[in-house]
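These notes are about the structure you will find just below.
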Number of protein chains: 2
Amino acid sequence: MVVAGRQPLSRRRVLEEAVRFTDREGLEALTMRRLGSELGVKAMSLYNHVPNKSALLDGMVEVLLGELEVPPETHDWEERIKEGYRAFRRLAHEHPNVFPLLVNRPPDTMDGAWLVEELLQTLRRAGFERETALHAFRALSSYAFGYAMAEIRGFTLEPNGSRLGARSLSPAEFPNLCELAPYLEEVDHDREFEFGLELIIAGMRDRS
Amino acid sequence: MVVAGRQPLSRRRVLEEAVRFTDREGLEALTMRRLGSELGVKAMSLYNHVPNKSALLDGMVEVLLGELEVPPETHDWEERIKEGYRAFRRLAHEHPNVFPLLVNRPPDTMDGAWLVEELLQTLRRAGFERETALHAFRALSSYAFGYAMAEIRGFTLEPNGSRLGARSLSPAEFPNLCELAPYLEEVDHDREFEFGLELIIAGMRDRS
DNA sequence: ACCTGAACACCGTTCAAGT
DNA sequence: ACCTGAACACCGTTCAAGT
């Protein structure tokens, strides 16, 4: 006999609604007041489940990383590493408006640690030294994060699409950029991501 | 006979003060009202030089990228590429609180385009195909951006430092992470960044 | 042309009061 | 134990008014 959508509030329910709402409306639209009304409650009620907005955002990162799912083990260390980062990038696609929170709040919890552990493990078993494994792990992580962010927000150095279309791009000054301009819109991001992953792993192969 | 620091306002002066202030006080402290008072003026005066806050932030990215300085040409393409990304990363160190703006506002201007052009040019001259050059450029850019952001805000998957110190990290669950924990604080970021750069370039070498 | 005071519609957050 | 109304100290932004 419960009215639809009126289960009692809980930290978990608040966080999940915050993620759902942000995916739909964007991070800028997420205010305590709007989130409250989304849950059929006044803003102040949220403070019973979350100490403040900053903690709310941390909690959303927790929910995000909780959805990380890496397929079962394979025997090939290279494929295993790739699967890990594919799963990470998948988060960006599933929650494009929440994923960027990772920038401002590296996890205060242990939610991502198991993946770190597993990737390090994989590298150690593949024969890499302790420190080499760490550096390689961080190179791969930096790449995967940077690429996923670029997909969501645009590549940081490249002028954005509308500029590229305009004739503000003079062939005399920017011959290579101009040559690429028509092609840029159609780049297959899945393949491009794999290309970079393969590039780094190829570099590692030389070293193992 | 001008009173110190009371030159007339201009778009440029507003943007530069915004960058200086943000480096000092952080992005959260940057409000139109505080920036105004920093310039000895009321907030509303800023709207004479900048249409709104969003445009102010865009302008700050403009200032940031305007400081990009790549050393004069070398003959070695690999070294040339590295110099480009070192210069990019240097921006993060010089303006750690402004650099993250790149995430939210990929440049609406052409301020970074010359570096893109030059990097692409270097790759083409080194013998890479048009599309291969693009993919490699983006792999390198994603890595460099991801790494620089990680230096500023922390690595996105790794639990943060204070967690690592705590015994919340059980050696049974996270043997590899625990093994690295004491070492993590002392990692030389310059060397680690170079390691990753070299890794990607090594992967490219195989292909050229 | 540039600056300002007053005002508007918003924020996050606190706290005493209700059930 | 959980929710709320009223209030506080802030935001960005508009606009009519001043010089």
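Predicted, not measured: the structure shown is a model, and the values here were computed from it. Letters go in sequence order (proteins before strands), and every chain restarts at 1.
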Does OP1 or OP2 of D:dT4 have a side-chain N or O of A:S45 closer than 4.0 Å? yes
Can you figure out which of C:dC3, D:dG5, D:dC3 approaches the side chain of A:L9 most closely? D:dC3
Over-ring placement of A:R138 relative to B:F155, 6.0 Å and 45° cut-offs: yes
If the test is salt bridge (Lys or Arg N to Asp or Glu O under 4.0 Å), which one of B:R24, B:R13, B:R20 qualifies with B:E38? B:R24
Tell me whether the NZ or CZ atom of A:R34 lies within the 45° cone about the ring axis of A:F21 and under 6.0 Å from its centre. no
Does a side-chain N-to-carboxylate-O contact under 4.0 Å join B:R86 and B:E194? yes
Which stems, defined as runs of 3 or more consecutive Watson-Crick or G-U wobble pairs with both pairing distances under 3.5 Å, involve DNA chain C? C:4-8 with D:12-16, C:12-16 with D:4-8
Atom CG of B:L39 and atom C1' of C:dC3 are separated, to the nearest Å, by 13 Å
A:R13 CZ - D:dC2 C1' separation (whole Å): 14 Å
Would you name the heavy atoms of A:M204 and A:L140 that are closest together and state the gap between them? SD-CD1, 4.0 Å
For each nucleotide in nucleotides 6-19 of chain C, reading 5' to 3', give B when a protein heavy atom comes within less than 4.0 Å of its base, S when such contact involves only the sugar-phosphate, and - otherwise. BB---BBBB-----
Would the A:Y147 and B:F145 ring centres measure less than 6.0 Å apart? no
I need the full list of ring-ring contact (aromatic ring centres under 6.0 Å, His included) pairs touching residues 36-64 of chain B, with sequence neighbours left out, sorted by first then second residue. none
Heavy atoms of other groups near B:E129 CD, more than 12 under 6.0 Å: no
